[in-house]
Amino acid sequence: MSKKRGLSLEEKREKILQIFYESQNFFLLKELEKLGPKKGVISQSVKDVVQSLVDDDLVSKDKIGTSVYFWSLPSCAGNQSRNVYHKLESDLQSGRKRHAELVDQCGALKKGREESEEREDALAELKAIELKHNELKEEMGQYADNDPAAFEAMKKAIGIAHAAANRWTDNIFTLRQWCSNNFPQAKEQLESMYKEIGITDDFDYLEPLQVPLGSVGDQILEGNP
């Protein structure tokens, strides 16, 4: 014999609503949990089913003192259905109005864009202009290295990097001096460690650039080698 199929959530909701409609009374949750099995709804699921009905405004609830009461009348379901109907009807009317507006806008946009020889010529000219624009844009990109603004930005970035490098060099010298003062007995080990990480005897501040960048930029802008 096949096992009896359990009720779906919607079927459970209908069964619980029958309890309210048949009695037209007020119930505590524990009372509904006792009545639910008589309708085929196990008591453990009554609470969730009732809450789903409350969420959909098919069952009302109110707290009186320390107790929470639930109730629902057939008229409540009718009112809910009417409210849903009016909402859908309003949405439908709004959708129809918006559709009509879009149709009008589409018609207005088509005016002056009818297929014609003049329109085709204008579109062809526009395409040619866009193609030429892209070609000039690519050509300008090839000369970006000689752009005065780009050159000035590069010169500024080099200056910032130069200052930062010397600042870190100064920090390294300060750290070496601190290590020498505080760990004189480890002088040989420290010197060996310095060499391993690249701090050799010729390690020093970066010298300023010998050739002024401004003169190089002027030569580039003037077209001189």
Side-chain angles (χ1 to χ4, degrees), residues 1-138 141 153:
M1 178 181 289
S2 61
K3 188 176 180 180
K4 184 178 179 181
R5 180 183 68 85
L7 297 177
S8 66
L9 176 59
E10 193 56 38
E11 289 172 334
K12 291 178 182 179
R13 284 159 57 95
E14 292 177 1
K15 295 294 185 180
I16 295 299
L17 282 175
Q18 287 177 9
I19 297 175
F20 288 107
Y21 295 163
E22 290 172 358
S23 65
Q24 298 188 21
N25 203 349
F26 297 85
F27 296 95
L28 295 170
L29 180 60
K30 62 182 180 180
E31 295 174 335
L32 292 171
E33 290 175 339
K34 291 180 180 179
L35 294 172
K38 296 180 181 180
K39 292 291 186 178
V41 182
I42 61 175
S43 58
Q44 292 88 340
S45 65
V46 168
K47 181 178 179 180
D48 292 336
V49 175
V50 172
Q51 185 58 50
S52 74
L53 293 170
V54 172
D55 293 339
D56 290 343
D57 294 328
L58 293 174
V59 170
S60 299
K61 74 173 184 178
D62 198 4
K63 187 174 183 180
I64 302 176
T66 59
S67 301
V68 177
Y69 287 88
F70 299 88
W71 72 93
S72 180
L73 302 175
S75 59
C76 294
N79 291 335
Q80 175 67 8
S81 298
R82 282 189 289 273
N83 291 337
V84 172
Y85 171 79
H86 291 316
K87 176 65 167 58
L88 294 175
E89 184 70 19
S90 177
D91 292 343
L92 178 60
Q93 293 298 329
S94 297
R96 287 174 175 171
K97 181 179 179 181
R98 180 57 179 163
H99 177 263
E101 292 174 351
L102 292 174
V103 170
D104 292 341
Q105 290 180 12
C106 183
L109 291 173
K110 286 182 178 180
K111 292 181 179 180
R113 300 186 180 185
E114 297 82 0
E115 294 298 331
S116 65
E117 184 177 349
E118 182 180 358
R119 174 176 169 78
E120 291 179 359
D121 292 341
L123 290 175
E125 183 178 357
L126 175 61
K127 186 175 182 180
I129 292 174
E130 290 177 343
L131 182 61
K132 184 62 176 178
H133 171 74
N134 291 332
E135 291 176 353
L136 292 174
K137 189 175 181 180
E138 291 179 3

Using salt bridge (Lys or Arg N to Asp or Glu O under 4.0 Å), reason through Glu101 and Arg98 one step at a time and then give a plain yes or no. CA-CA 5 Å; Glu101 292 174 351; Arg98 180 57 179 163; 3.4 Å; yes
Do you know which two heavy atoms are closest between [X] and [Y], and how far apart they sit?
X     : Y     : result
Ile16 : Gly36 : CD1-CA, 4.4 Å
Pro37 : Ser43 : CG-N, 4.0 Å
Val46 : Leu29 : CG1-CD1, 4.4 Å
Lys15 : Leu7  : CG-CD1, 4.2 Å
Trp71 : Asn25 : CB-O, 3.8 Å
Leu17 : Leu58 : CD2-O, 4.1 Å

State the [atom1]-[atom2] distance between [X] and [Y], to the nearest 0.5 angstrom.
X      : Y      : atom1 : atom2 : answer
Ser60  : Leu53  : OG    : CG    : 11.0 Å
Ile19  : Glu14  : CD1   : CD    : 13.0 Å
Ser45  : Leu9   : OG    : CG    : 9.0 Å
Leu92  : Arg96  : CG    : CZ    : 4.0 Å
Leu136 : Leu131 : CG    : CG    : 9.5 Å

Taking the side chain as every heavy atom from C-beta outward, state whether [X] and [Y] have any atom pair closer than 4.5 Å.
X     : Y     : answer
Asp56 : Arg13 : yes
Gln51 : Lys47 : no
Leu28 : Tyr69 : yes

Glu125, CD atom: more than 12 neighbouring heavy atoms under 6.0 Å: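 Counting neighbours around CD of Glu125, 12 or fewer heavy atoms of other residues, nucleotides or ligands fall under 6.0 Å, so no.
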Where does the angle between the aromatic ring planes of Phe20 and Phe27 fall among parallel (under 30°), tilted (30 to 60°) and perpendicular (over 60°)?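 The arrangement is perpendicular - the two ring planes meet at more than 60°.
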State whether a side-chain donor-acceptor pair under 3.5 Å links Glu130 with Asn134.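 Side-chain D/A pair, Glu130 to Asn134: absent.
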